[in-house]
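Quick notes on the structure that follows.
In what follows, every chain begins at residue 1, and chains take the letters A, B, ... in the order their sequences are listed.
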Number of protein chains: 2
Amino acid sequence: MAEATQSRRERLRAETTREIKAIALGHMADGGPAAISLRAIAREMGMTAGAIYSYFGKRDDLITALTADVYESLAQALESAHRGVPPADPADRLLAHAHAYRAWAVAHPQEFRLIYGDPVPGYLPPEAGPAQEAEHRLCAVLLALVAHAWPRAAGFQEGCDYTWDDFQPSLAALARESFPDLPPAAVALCLRLWARMHGLLTLEVYGHLRHQVADPAKLYDADMRDLIRTLGLATPKDTVTAV
Amino acid sequence: MAEATQSRRERLRAETTREIKAIALGHMADGGPAAISLRAIAREMGMTAGAIYSYFGKRDDLITALTADVYESLAQALESAHRGVPPADPADRLLAHAHAYRAWAVAHPQEFRLIYGDPVPGYLPPEAGPAQEAEHRLCAVLLALVAHAWPRAAGFQEGCDYTWDDFQPSLAALARESFPDLPPAAVALCLRLWARMHGLLTLEVYGHLRHQVADPAKLYDADMRDLIRTLGLATPKDTVTAV
DNA sequence: GCAAAGACTGAACGCCGTGTAGTAACCTCG
DNA sequence: CGAGGTTACTACACGGCGTTCAGTCTTTGC
């Protein structure tokens with residue numbers, strides 16, 4: 001009622017914008033990112049396709065907005081996974097992160113494809129859009145994790161000499177501000193962790209593991225435990241988490 | 001002249017089929033898999049769009065054919081990389097494979113997207129098409145590698161009890177026929193190796209490393225060397241290969 | 001030499017994103 | 001309150017897309 005500060009028009013506009021995005025996400029959920037069609041959305045809303053141009057300049061702008069929302073959803077899933085684990089053991093935190101990442105990807109395969117695959121026929125993301133910030137936000141989550149594990153893992157990461165110049169300035173700045181004691185090699189480790197999880201997940205989400213393996217979750221879990229072992233993060237309680 | 005056994009008609013047909021695929025690959029190289037349009041191909045060939053239906057039943061059939069060709073190209077690149085390395089050291093062979101994989105992906109990003117991403121708006125691969133066989137062929141290359149490394153790497157892979165039931169029957173059969181002495185855990189390792197390389201490559205090809213790191217090759221190389229170390233495959237000559 | 005088979009055209013259908021002109025509702029300000 | 005500008009929306013048009021289909025013209029096999 002008294003949220004004021006917005007005129008009636010602004011409220012309606014925000015509501016319609018939200019509805020457009022919601023319907024688009026719905027169409028994407030069944031049919032993939034390619035099924036996002038301005039005409040179909042408008043049809044479902046009882047409008048004409050042209051009307052959507054009052055809200056999004058182009059179809060790509062809608063995709064960009066959706067991408068931002070999906071990144072937000074993923075970031076929240078990962079961040080809440082971190083909050084749900086007592087920060088005692090770095091290995092537990094890493095495992096929690098890994099499983100949260102996979103759980104999100106498996107539960108939202110189309111959203112995963114939207115941000116990590118070809119979003120849509122000819123779409124290419126804006127150069128400095130929300131995607132870049134969102135990825136740094138995800139990196140920040142991993143960075144906290146690596147920072148926590150670094151005292152134990154550092155010894156296993158010798159042999160590669162990284163400098164801050166190896167990273168894009170914005171990422172380097174983020175890392176050095178958040179964790180001044182961390183060396184560049186820790187940031188590299190962070191990216192490698194990301195890629196390690198991402199590899200199995202892309203293969204699974206895009207169906208390439210379906211022809212190879214019965215239970216992708218088992219392979220993923222095993223790889224994560226191998227990761228923890230080779231990082232020098234002992235696993236005190238070796239209980240198998242839910243699969 | 002005397003290749004006989006094909007009628008003139010069959011020769012022309014084969015030639016036209018090849019031309020269609022060649023043009024399609026060309027369009028894909030600039031513009032991505034989504035730029036493959038029957039009408040555009042026909043236009044470039046001086047034909048009508050409908051004519052292509054004499055050669056491919058649907059657009060998806062063309063995509064499937066292209067996919068098979070691209071898999072063939074990747075398989076040949078990887079297999080020739082194996083032939084180019086003396087089979088002495090498993091670590092060298094793994095490194096050669098890893099670098100051949102990345103070199104192919106970076107040189108053919110659109111082809112990479114075609115087989116590992118969303119090939120095209122609404123395309124979904126046939127259930128038991130050439131893709132499945134091609135993936136097994138790629139697995140076979142990795143399997144040979146793992147088989148060669150297994151004596152040294154086995155000790156580092158304890159802790160996970162795999163059975164042959166964990167894999168799809170066709171892959172299990174392939175592994176047991178080719179390398180009867182190899183345990184299931186070796187096949188799992190093979191898939192994990194694949195995923196390990198794939199993770200960094202997908203991120204790079206889809207532009208997600210661009211915002212993070214200056215030189216993806218360095219990160220990739222470092223990760224591969226870490227992989228070799230944690231596999232227990234010593235690297236006698238620690239020379240840095242070309243980056 | 002003739003009939004079957006195949007390659008190809010041209011037009012159509014129904015999708016799609018994107019513009020543009022016009023209309024009606026709404027908000028602001030005097 | 002009421003004029004003027006802003007905004008949401010429709011209707012229509014354009015070109016591109018995959019796909020189908022009836023018809024034409026060429027090649028093939030008997």
(message) Ring-plane angle category for A:His99 and A:Tyr220, please: parallel below 30°, perpendicular beyond 60°, tilted otherwise.
(response) tilted

(message) Using only atom types and a distance under 3.5 Å, with no angle test, would you say the side chain of B:Ser37 pairs donor to acceptor with the backbone of B:Ala40?
(response) yes

(message) Please tell me if A:Tyr55 has a side-chain N or O lying less than 4.0 Å from either OP1 or OP2 of D:dC9.
(response) yes

(message) With a 4.0 Å cutoff (strictly under), does any side-chain N or O of B:Arg43 reach OP1 or OP2 of D:dC17?
(response) yes

(message) For B:Arg210, is there an ion pair with B:Glu204 - N to carboxylate O distance below 4.0 angstrom?
(response) no

(request) Could you tell me the separation between the OH atom of A:Tyr53 and the C1' atom of D:dT10, rounded to a whole number of Å? (result) 15 Å

(request) Using atom CG of A:Leu12 as one end and atom C1' of D:dT7 as the other, report the distance to the nearest whole Å. (result) 12 Å

(request) Rounded to the nearest angstrom, tell me the gap between atom CZ in B:Phe56 and atom C1' in D:dC17. (result) 18 Å

(request) Rounded to the nearest angstrom, tell me the gap between atom CD1 in B:Ile41 and atom C1' in D:dT19. (result) 15 Å

(request) Using chain A heavy atoms and a threshold of under 4.0 Å, write down where along DNA chain C the contacts begin and end, 5' to 3'. (result) C:dC16 to C:dC27

(request) Could you pick out which residue, B:Met47 or A:Ser37, lies toward the 5' side of DNA chain C when each is mapped onto its nearest nucleotide? (result) B:Met47

(message) Whether A:Thr16 contacts D:dA8 is assessed here as follows: a side-chain N or O lying under 4.0 Å from the phosphate OP1 or OP2. Is that the case?
(response) no

(message) Looking at B:Arg93, is its backbone amide N or carbonyl O close enough to the side chain of B:His97 to form a donor-acceptor pair, meaning the two atoms are under 3.5 Å apart?
(response) no

(request) Could you check how far CD of B:Glu10 sits from C1' of D:dG29, rounded to whole Å? (result) 13 Å

(message) Does a side-chain N or O of B:Arg39 approach OP1 or OP2 of D:dG16 to a distance below 4.0 Å, or not?
(response) no

(message) Can you confirm if the aromatic rings of A:His198 and B:Tyr206 lie within a centre distance of less than 6.0 Å?
(response) no

(message) Output the rounded distance in Å from CD (A:Glu15) to P (D:dA8).
(response) 14 Å

(request) Could you check A:Ala40 against A:Gly50 and say which one's nearest nucleotide on DNA chain C is further toward the 5' end? (result) A:Ala40

(message) Can you measure A:Met45 atom CE to D:dT10 atom C1' for me and round it to whole angstrom units?
(response) 15 Å

(message) Using a 3.5 Å distance criterion without hydrogens, assess whether the side chain of B:Arg59 forms a donor-acceptor pair with backbone atoms of B:Ile36.
(response) yes

(request) From the options D:dA8, D:dA11, D:dT19, select the nucleotide whose nearest atom is closest to the side chain of A:Thr48. (result) D:dA11

(message) Expressed as a whole number of angstroms, how long is the span from B:Ile36:CD1 to D:dG16:C1'?
(response) 17 Å

(message) Regarding A:Glu10 and A:Arg13, does a basic nitrogen lie under 4.0 Å from an acidic carboxylate oxygen?
(response) no

(message) Classify A:Gly57 by what it touches in the nucleic acid, base, sugar-phosphate, or nothing, heavy-atom distance under 4.0 Å.
(response) nothing

